[in-house]
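What follows is a short report on a single structure.
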Amino acid sequence: MSTAVALEPVIGIEIHVQLATRTKMFCRCRLSFGDPPNTHTCPVCLAHPGVLPVVNGEAIRLGIVAALALGCEIAPRSVFHRKNYFYPDLPKAYQISQYDEPLGVNGHFSVLKPEGEFEVGITRVHLEEDAAKLLHLSSGGRRAGAEQSVVDFNRGGTPLAEIVTEPDLRSAADASEFLKQLRQTMRQLGVSDCNMEEGSMRADANVSVRPVGSTELGTKTELKNMNSFRFLERGIEAEIARQTGMLEAGERVVQETLHFDPATGELHSLRSKEEAHDYRYFPEPDLVPVVPGREWVEQIRTSLGELPVDRRRRWMNELGISYEDAEVLSETTELGAYFEDVASQVDAKSAANWIRGELRSQLKDTGDTPWESKATPERLAELIQLVTDGAIGSSAGQEVLAEVLVSGRPPAEIVDEKGLRQIQDTDALGAIVDQILADNPKETGQLKGGKQKLIGFFVGQVMKETKGSADPRKVQELIRERTG
Amino acid sequence: MEALTAEQSIAAITSGQTSSEELVEEALRRSEDDPWGAFLALDGERARRRAKEIDAAAERPPLAGVPIAIKDVLSTRDLETTAGSQILKGFRPLYTATCIKRLERAGAVVVGKTNMDEFAMGSSTENSSYQLTLNPWDMETVPGGSSGGSAATVAARQVPWSLGSDTGGSIRQPASLCGVVGMKPTYGAVSRYGLIAFASSLDQVGPLARTVRDSALLLSHIVGQDPRDSTSLDWWKPIEVPDTERLDGVKIGVISEMLENGIESGVKSATEAATATAAELGAEITEVSLPSSRHGIAAYYLIAPAEASANLARFDGMRYGARAAADDLLEHYERTRGEGFGPEVKRRIMLGTFALASGYYEAYYARAQRVRTLIVRDFGEAFEKVDLLLSPTSPTTAFKIGERVDDPYAMYMSDICTIPMSLAGLPAISIPCGVADGLPVGLQLTGPAFSENGLFSVAHALEQAIDFDALPETLS
């Protein structure tokens, strides 16, 4: 093939998020991370003979929260199945998971980008339980060459929501941005803490490549378990490059499961389609279908409030703040609420600048968060207002903020106490300017003659005369009026 | 000492004629002398201690310390629980099944665990990996199964009553073959928590006893919703111990398919005699057809093995139970399960695995579920016309040991009259209705879901009229 056909990647993501419940999916063992192995187990999650699973109602609720936040329809009836396979991390030798009747279907999720937004279709959201953790004991920690494999059942039975997207993503960067904003949403709604390093959020990517304009999908490969945004992006990029190279060389992509090694940047095959498991799914007879009442679902929908993406969009459109400001300020619910509170009292852009700039840099030393600091939204708004009105200069503002963070006192009081208020009275200031101009006839003449850089000299003289309490912008304005 | 029924035992303890300690001691003595091989394990020490505690208690619990035997498929804390399988040899559970906890709270004293077909798979108890159980009526015949030990121990008067489990007839058929009363409640009536699963959508715990009244009394203490079993039902009406004598106005439908070919003549005539007795008591007798029930065995032998193939997958020797030495993971699975399971269990695991395999699921498992729906519908239509249904429990009386072990199909046919009720989740009771060639015949009564009280009531009236009090030959 010599004629180069433009190719485009097609990407879909499968995300597992650990639900932020107190206990496991089907028993009352506490969820934990980092506790000594096998300290949170019981006959149920160890699959002793005769035990039965009982669904954790809070996991259902969080699953519904996640599905609603992703714009899904909540199934009036969803069913758990058994997914059968033998492995030491799966004590029942089947995973209880939803299969062809999931909790939520047909959703969509908007992703914001500086240049606009795009939408990702959500195929389904379903609930399942996590497997236990296998530890392979060898010097390198890798399975190959391990002398011993041991199982920690603390994680076994942890509730998971699996989110599957449509193949709507067209670049690794978009995939990563989608995942970041999804994480933000799940975190802010309390669905999951989505910690990729601890494994409470895990992502697999389905990647294929096809000629631009084609409506058919190419053969896909699945990239397993990338545990950071960077690895996800790099893994997908590597796979797009590999498939593109193959197609350009006239080769065929083989459907397989791949592992991306971030250390080497290489992709390793885990298994091909031919080796795929037959999981022998069938409806779990130990559980009854999940039938969430309409009223309950609507009550949950109402409790969601404004989703992070909607809030960001509103800030940008209605408050006029930048994409970057909106991104940073919406990082947590608390920060977002703090910003909104300040922005409701003063100019939103100034609020954003102060919070992202001076406030953040001053809080760096104490490690406090804005909403926990003594600079309450009211105090910060008062301070911003003083600066905006020109009552104090911006460097005085920094000084006042520092004092507010210590004492929490009203900024106006601090300004007065420290004598930081700028002279605003045009007449009074004008008189001083007149006096300075008169005292320096030579320079006044030169300025009038066009030597603009002398403005600085005069402003300096006035500031000196007023002991810094004049607004330099105002002073400059007055000098220009008189010498222009 | 005469072997008392449970009801007589409670009365005797309450009136001070005897004590729980004496009755438990007597039960242990009879159970230790166990030529029938009914028991896999006895728990004498704990039983004696419990009996003493109950005798000493200020308030006597309702069951007053009456001894009971438990099928070894139910989990008993610290007491070896094997489900008849080598793979659980030596296994001591960490917890006690809900139904046993309820019985113990009500004052029953567990004396031991009874023999059964491995994982409740079988109709003769010959699939136990530990021992044979002999029928007290004729020690050359089987006691039925899978709850063969629980039926034999009651027939042999070792204990007044026992718990069994029924998946496709495993309480009713051995009750029939041993000449005792066996009852499978409505699916969901009794918590399955602690019942080692064979086929989860069919398994149900129930009583075996010498009288209908004892069966009702035992069931009354184990029914009810359990937060540990999502499929257990809220049992809003109490189970009543019946005292009916007449059946005036009761509409009984004789299941026509279950008096056709394959039913032994002795069984058929005893069933017909019992039907006549019911008519004499005032019941209206009609014939009712359950056309889909003839597919019951076929559907059952897809659904039950399919569920079993998943339920038994946990027995991998990793966390408990027997474990074979191996060099790698695959060998570990193969040897542990290869050595731990018997041939019938393996057959059903393979059958079930196949029925669920991708590409076969629709043709087998899904189709069997549709047949199940048709059977449910047949029963529903029947109960629009009649109050309850009558049939033999087992197509034959007790068969000879070894007669069917090499012919799984013949063995499976033992449950032809009991499987449809299991598939429909309905309550059914087997009472002795006569003797054919020296062996007892069981009569099965089936009612709509939750009709336990009605079933017990009719069963009691018939039991009184039939007056079956024959003692097994080996005891007389």
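The figures here come from the full heavy-atom set of this structure, side chains too, leaving out hydrogens, waters and symmetry mates. A, B, ... follow the sequence lines: proteins, then strands. Residue 1 opens every chain.
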Next item on the list: Could you have a look at A:V288, A:D286, A:N84 and say which one has the most heavy-atom pairs with chain B under 4.5 angstrom?
Entry: A:D286
Next item on the list: Quick one: sort the A:H48 and B:Y320 rings into parallel, tilted or perpendicular, breaks at 30° and 60°.
Entry: tilted
Item checked: Heavy-atom neighbours of B:R228 CZ exceed 12 at 6.0 Å -> no
Notebook entry, point to check: Counting only heavy atoms not in B:R347, do more than 12 sit closer than 6.0 Å to its CZ atom?
Noted result: yes
Check: By a 4.5 Å heavy-atom criterion (distance strictly below it), what part of B:L329 contacts chain A: side chain, backbone, both, or neither?
Finding: side chain
Next item on the list: For A:R82 and B:E307, work out which heavy atoms get closest and say how close.
Entry: NH1-O, 3.8 Å
Next item on the list: Go through the atoms of B:L74 and report whether side chain, backbone, both or neither lie under 4.5 Å from a heavy atom of chain A.
Entry: neither
Check: Counting heavy atoms not belonging to A:R252, are there more than 12 under 6.0 Å from its CZ?
Finding: no
Check: Which answer fits B:Y360, side chain, backbone, both or neither, if we ask what part of it has an atom under 4.5 Å from a heavy atom of chain A?
Finding: neither
Notebook entry, point to check: By a 4.5 Å heavy-atom criterion (distance strictly below it), what part of B:T81 contacts chain A: side chain, backbone, both, or neither?
Noted result: neither
Margin query: Does any backbone or side-chain atom of A:Y94 lie under 4.5 Å from a heavy atom of chain B? Answer side chain, backbone, both or neither.
Written below: side chain
Check: Does any heavy atom of chain A fall under 4.5 Å from the side chain of B:A306, the backbone, both, or neither of them?
Finding: backbone
Item checked: Portion of B:N311 that has a non-hydrogen atom of chain A nearer than 4.5 angstrom -> both
Next item on the list: For each of B:S358, B:G359, B:S201, tally heavy-atom pairs with chain A at distances under 4.5 Å, and name the one with the top tally.
Entry: B:S358
Next item on the list: Could you pull out the closest heavy-atom pair between B:R314 and A:A47, with the gap in Å?
Entry: CD-O, 3.4 Å
Margin query: Quick check on A:Y279 against chain B: is it the side chain, the backbone, both or neither that has a heavy atom closer than 4.5 Å?
Written below: neither
Checklist line | Side-chain touch B:F315/A:P49, heavy atoms, less than 4.5 angstrom | finding: yes
Check: Are more than 12 heavy atoms from other residues, nucleotides or ligands located less than 6.0 Å from atom NZ of A:K133?
Finding: no
Next item on the list: Say whether, by atom type as modelled, one donor and one acceptor occur between the side chain of B:R319 and the main chain of A:P91 under 3.5 angstrom.
Entry: yes
Note to self: Is B:F354 in contact with chain A via its backbone, its side chain, both, or neither, using a 4.5 Å heavy-atom distance?
What the structure shows: neither
Item checked: Other residues, nucleotides, ligands: >12 heavy atoms within 6.0 Å of A:F153 CZ -> yes
Notebook entry, point to check: Within the side chain of A:D278, is there an N or O that forms a donor-acceptor pair under 3.5 Å with the backbone of B:A357?
Noted result: no
Note to self: Determine whether B:Y193 and A:V44 satisfy the following criterion, side chain to side chain contact (heavy atoms under 4.5 Å, CB included), listing intermediate values before the conclusion.
What the structure shows: CA-CA 10 Å; B:Y193 189 75; A:V44 175; 3.9 Å; yes
Checklist line | Interatomic distance, A:L46 atom CG to B:L94 atom CG [nearest 0.5 angstrom] | finding: 8.0 Å
Check: Taking B:Y333 for the side chain and A:Y87 for the main chain, is one N or O donor matched with an acceptor at less than 3.5 Å?
Finding: yes
Check: So, B:Y95 side chain and A:V51 main chain: donor-acceptor pair closer than 3.5 Å or not?
Finding: yes
Check: Can you tell me how far the CZ atom of A:F86 sits from the CZ atom of B:R337, to the nearest 0.5 Å?
Finding: 3.5 Å
Check: Taking A:P285, A:C42, A:G50, A:P53 one by one, which has the highest count of heavy-atom pairs under 4.5 Å against chain B?
Finding: A:G50
Check: Hey, does A:F26 have a side-chain heavy atom less than 4.5 Å from the side chain of B:S230?
Finding: no
Check: Which bit of A:P43 comes within less than 4.5 Å of chain B, counting heavy atoms only: side chain, backbone, both or neither?
Finding: side chain
Next item on the list: Could you walk me through whether B:Y361 and A:R280 pass side chain to side chain contact (heavy atoms under 4.5 Å, CB included), step by step?
Entry: CA-CA 8 Å; B:Y361 180 91; A:R280 305 190 312 279; over 6 Å; no
Next item on the list: Give the minimum heavy-atom separation between B:D229 and A:V54, together with the two atoms involved.
Entry: N-CG2, 4.3 Å
Notebook entry, point to check: Taking everything shown except A:K220 itself, do over 12 heavy atoms lie less than 6.0 Å from its NZ?
Noted result: no
